[in-house]
Amino acid sequence: MTVLVSEIMAKALEFISPDATVQDAATLMGELDVGALPVGSADDLVGILTDRDILFRVVAEGGDNTRVRVRDVMSSALFSCRDTDTLATAMDIMGAYHVRRLPVLDEGGLVVGWLTLSDISRRMLLDTDTIREALSELSASGQDV
């Protein structure tokens, strides 16, 4: 069974401005419980800010998170996939570039989603026959997990 990126990607995205402070970005990451934010907008993606960017490029360097701007520490090398790509294609891109998340673009180049290793892991677990059978048995027995 071929799974398309559009079937498992997160569709609700919060972007951060490149001019925002790292403190603002970290606060938003905490509120959303995410480890990365796309920088820019759906039609103008300029980078990705990860918790690792903040840790290594601000905290470890002794930077002032209230003054350092997202644009100064974000990762600007962007790798993405299309919403019409297969999950296998997206995984190949992630593996080739050693990234844990990908912005998902539509055919016009607009960011329409976000794909993470967690999304992929969750889907692969649910697609595993053993897991599906166990969940089915639990549902049939009426047991609460």
Trace of the side-chain contact (heavy atoms from CB on, under 4.5 Å) decision for I54 with N65
CA-CA 9 Å; I54 294 171; N65 64 349; over 6 Å; no
Output side-chain donor-acceptor pairs under 3.5 Å for residues 98-106, partner residues at least two apart or in another chain, one line each.
residue : atom : partner : partner atom : Å
D106    : OD1  : G108    : N            : 3.0
D106    : OD1  : G109    : N            : 3.1
D106    : OD1  : L110    : N            : 2.9

Shared hydrophobic cluster, F15 / L78 (ILVMFWY, side-chain heavy atoms < 4.5 Å):
yes
Answer whether the closest heavy-atom distance between the side chains of V34 and W114 falls below 4.5 Å.
no
Look up atom CG in L115 and atom CZ in R123, then write down how far apart they are to the nearest 0.5 Å.
11.5 Å
Kindly list each side-chain donor-acceptor pair under 3.5 angstrom involving residues 68-75, sequence neighbours excluded, with atom names and distances?
residue : atom : partner : partner atom : Å
R69     : NH1  : D19     : O            : 2.9
R71     : NE   : D19     : OD1          : 3.2
R71     : NH2  : D19     : OD1          : 2.8
S75     : OG   : D53     : OD1          : 3.1
S75     : OG   : D53     : OD2          : 3.2

L4 backbone acceptor or donor facing E7 side chain under 3.5 Å
yes
Quick one, R67 and T21 - any side-chain contact, counting heavy atoms below 4.5 Å?
no
Heavy-atom side-chain proximity of V39 to L45 below 4.5 angstrom
no
For the residue pair V111 and L13, establish whether any side-chain heavy-atom pair is separated by less than 4.5 Å.
yes
Side chains of V58 and D64: does their closest heavy-atom pair fall under 4.5 Å?
no
About how many Å separate CE of M94 and CZ of F79, when rounded to the nearest 0.5 Å?
12.0 Å
Quick one, I120 and T116 - any side-chain contact, counting heavy atoms below 4.5 Å?
no
I need the minimum non-hydrogen distance between D85 and C81, along with the two atoms involved.
OD2-CB, 3.4 Å
To the nearest 0.5 angstrom, please state how far the OG1 atom of T89 sits from the CE atom of M91.
10.5 Å
Smallest heavy-atom separation, M29 atom then L49 atom, equals CE-O, 3.2 Å
For the side chain of D44 and the backbone of S41, is there at least one donor-acceptor N/O pair under 3.5 Å apart?
no
Minimum-distance pair of heavy atoms, taken over all atoms of S80 and I93:
O-CD1, 3.6 Å
Does some side-chain heavy atom of L28 sit less than 4.5 Å from a side-chain heavy atom of L37?
yes
